[in-house]
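Encoded as structure tokens, the structure appears first; notes follow it.
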Amino acid sequence: MLPVLVVHGGAGHIPKERAEVSGEGVRDAVRGGYSILKAQGTAMDAVVEAVTRMENNPVYNAGRGSVLNARGGVEMDAIVMDGSTLASGAVSAVRRIANPIQLARLVMDKTNHLCLTAEGASQFAQAMGVPEVPEESLITDYARMRWKKNLVPDANPVECQMGKMGTVGAVAVDVLGNIACATSTGGMLNKMEGRVGDTACIGCGGYADNRVGAVSPTGHGEAIMKVTLARLILFHMEQGSSAEEASDRALAYMKERVGGLAGVVVVDPQGGWSARFSSQQMAWAAGQSDVLHYGLYAGEHFTQALEDPH
């Protein structure tokens with residue numbers, strides 16, 4: 001059953017014209033990450049590669065394609081976690097970085113801290129030789145259109161949140177049984193400047209532990225934080241629930257307790273996995289035993305051969 005990689009491209013409502021490209025993007029992310037696992041690579045390398053591909057894809061709300069804050073700027077959050085040591089690294093409210101997930105990994109690998117924010121994260125990026133990119137290069141016409149639409153006095157924020165994929169993420173178990181997670185986001189549309197959501201917060205926007213499994217969520221950040229969704233799912237797994245049961249229980253609790261919708265991808269140490277969501281849709285894909293699994297709507301589960309690029 002090992003290795004295995006599962007990714008998501010965000011939970012929410014996806015218009016038909018964007019559904020196909022969002023599905024293609026998560027499948028491409030799995031192909032990239034799974035090829036690393038097949039070549040005896042680490043779970044951490046695989047999840048970072050998968051998320052990097054989605055950050056570079058303007059369809060998703062991460063990296064290039066991120067939603068804009070109230071001032072029309074891009075502020076991004078990202079996290080990685082290594083289940084073998086519980087090492088983690090995160091960045092929050094970071095600007096002018098093409099791949100925040102790679103910067104989060106540097107925080108884990110090169111500092112004694114778990115999270116760097118805003119200007120401090122930018123200074124660290126500079127010290128690590130990570131190039132700054134013009135903010136304009138991260139902003140798509142689609143993101144700017146939705147930002148402007150949400151500025152008008154009678155804007156419907158629910159309607160404006162639709163049509164944009166959310167946070168992207170990945171979880172994996174490698175051939176040695178090591179587990180990792182990675183999550184990256186542009187945050188919430190027209191958020192206040194300096195707002196940090198669940199993604200950069202350990203136990204909320206991601207968690208990985210070789211003894212239990214790994215989770216990467218997507219959805220309404222404030223609601224995810226209130227129930228510490230990633231760690232809650234792993235708690236249920238520690239109590240004997242399968243990845244799917246634990247996901248469903250935690251998502252139901254979050255909806256009932258704080259009225260929030262979300263989606264998750266989850267793996268366990270044996271290679272069991274799930275992609276579950278309480279929202280209308282979630283683009284997801286998984287790679288295991290050279291088979292590519294994917295879906296978008298509830299109950300949807302397609303498979304095809306996972307062609308090895310090597």
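Computed over heavy atoms, backbone and side chain alike; hydrogens, waters and symmetry mates excluded. Predicted model only: the values in this text are computed from it and were never measured.
- Side-chain atoms of Asn61 come within 3.5 Å of backbone N or O of Gly187 as a donor-acceptor pair.
- Ser274 places no side-chain N or O within 3.5 Å of a backbone atom of Arg276 that could act as its donor or acceptor partner.
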#### Entry: Residues Val59, Glu24; criterion side chain to side chain contact (heavy atoms under 4.5 Å, CB included); working and verdict
CA-CA 10 Å; Val59 170; Glu24 288 170 0; over 6 Å; no
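- Comment: Glu193 engages Arg95 in a salt bridge, judged by a side-chain N to carboxylate O separation of less than 4.0 angstrom.
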### Query
side-chain hydrogen bond (donor to acceptor under 3.5 Å, both in side chains) between Thr183 and Thr199: does it pass, once the steps are laid out?
CA-CA 6 Å; Thr183 312; Thr199 297; over 6 Å; no
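- Using a 4.5 Å heavy-atom cutoff, the side chains of Leu251 and Ser278 are in contact.
- Looking at heavy atoms from C-beta onward, Met188 lies in side-chain contact with His220 at the 4.5 angstrom threshold.
- By the 4.5 Å heavy-atom criterion applied to side chains, Asn56 and Arg64 are not counted as neighbours.
- Remark: the backbone N or O of Gly63 is paired with a side-chain donor or acceptor of Ser66 at under 3.5 angstrom.
- Gln102 contributes no side-chain N or O that, together with a main-chain N or O of Val48, makes up a donor-acceptor pair within less than 3.5 Å.
- There is no path of hydrophobic side-chain contacts, each under 4.5 Å, that joins Val196 to Leu103.
- Val74 places a side-chain heavy atom less than 4.5 Å from the side chain of Leu68.
- A 4.5 Å side-chain heavy-atom check between Asp290 and Tyr34 finds at least one atom pair inside the cut-off.
- Following chains of ILVMFWY side-chain contacts shorter than 4.5 Å, one can reach Ile224 starting from Met237, so the two form part of one hydrophobic cluster.
- Residues Gly287 and Val30 come closest through the heavy atom pair N-CG1, 3.6 Å.
- Separating the CG atom in Asn190 from the CZ atom in Arg195 is a distance of 12.0 Å, to the nearest 0.5 Å.
- Residue-environment remark: CD (Glu20) stays at or below the threshold of 12 foreign heavy atoms within 6.0 Å.
- Relative ring orientation between His301 and His293 is described as perpendicular, the plane-to-plane angle rising above 60° on a 0-90° scale split at 30° and 60°.
- Following chains of ILVMFWY side-chain contacts shorter than 4.5 Å, one can reach Ile233 starting from Val258, so the two form part of one hydrophobic cluster.
- By the criterion of side-chain heavy atoms lying less than 4.5 angstrom apart, applied directly or through intervening Ile, Leu, Val, Met, Phe, Trp or Tyr residues, Val91 is not grouped with Tyr207; the two fall into different hydrophobic clusters.
- Test Glu75, Glu132, Glu136 against Arg96 for salt bridge (charged side-chain N to carboxylate O under 4.0 Å, His left out) and you get one pass: Glu132.
- Contact annotation: the side chain of Thr167 approaches that of His8 to within less than 4.5 Å [non-hydrogen atoms, C-beta and beyond].
- The distance from the CD1 atom of Ile97 to the CZ atom of Phe124 is 10.5 Å, given to the nearest 0.5 Å.
- Taking each heavy atom of Val80 and Ala182 in turn, the nearest pair found is CG1-CB, 4.1 Å.
- The closest side-chain heavy-atom distance from Val6 to Val266 is not below 4.5 Å.
- Summarising the geometry of Ala90 relative to Ala200, their closest heavy-atom pair is CB-O, 3.5 Å, with the distance given to 0.1 Å.
- Checked for salt-bridge contact, Arg105 and Asp45 meet the test: a charged N lies under 4.0 Å from a carboxylate O.
- Of the candidates Val26, Val21, Thr185, Tyr60 forms a side chain to side chain contact (heavy atoms under 4.5 Å, CB included) with just one, namely Val26.
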#### Entry: Worked verdict on Asp209 versus Leu86 for side chain to side chain contact (heavy atoms under 4.5 Å, CB included)
CA-CA 6 Å; Asp209 183 347; Leu86 303 189; 3.9 Å; yes
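- Listed here is the closest heavy atom pair of Leu5 and Ala172: CD1-CB, 3.8 Å.
- Between the CG atom in Leu296 and the CD1 atom in Ile14 there is a gap of 4.5 Å [rounded to 0.5 Å].
- A cation-pi geometry, defined here as NZ or CZ lying under 6.0 Å from the six-membered ring centre and within 45° of its normal, does not hold between Arg27 and Phe302.
- Asp109 contributes atom CG, which lies 7.5 Å from atom CE of Met44 (distance to the nearest 0.5 angstrom).
- Side-chain contact check for Leu261 versus Gln280: every heavy-atom pair is 4.5 Å or farther apart.
- Ile101 and Ile79 are assigned to two separate hydrophobic clusters, defined by single-linkage of ILVMFWY side chains at heavy-atom distances under 4.5 Å.
- For the atom pair CZ (Arg144) and NZ (Lys148), the distance works out to 6.5 Å, reported to the nearest 0.5 Å.
- The two residues Ser137 and Pro134 have their closest heavy-atom pair at OG-O, 2.6 Å.
- Looking at Asn210, its side chain does come within 3.5 Å of a backbone N or O of Ser84 through a donor-acceptor pair.
- Other residues, nucleotides and ligands contribute over 12 non-hydrogen atoms within 6.0 Å of the CZ atom of Arg231.
- With Trp147 contributing its side chain and Asn69 its backbone, the two residues share a donor-acceptor pair below 3.5 Å.
- The line from CD1 of Ile202 to CG of Leu114 is 5.0 Å long, rounded to the nearest 0.5 Å.
- Between Lys226 and Glu222 there is no salt bridge, since no side-chain nitrogen of the basic residue lies less than 4.0 Å from a carboxylate oxygen of the acidic one.
- Counting only distance, with no hydrogens or angles, the side chain of Ser184 and the backbone of Ala78 share no donor-acceptor pair below 3.5 Å.
- Nearest heavy-atom pair across Ala11 and Ala262 is CB-C, 4.2 Å.
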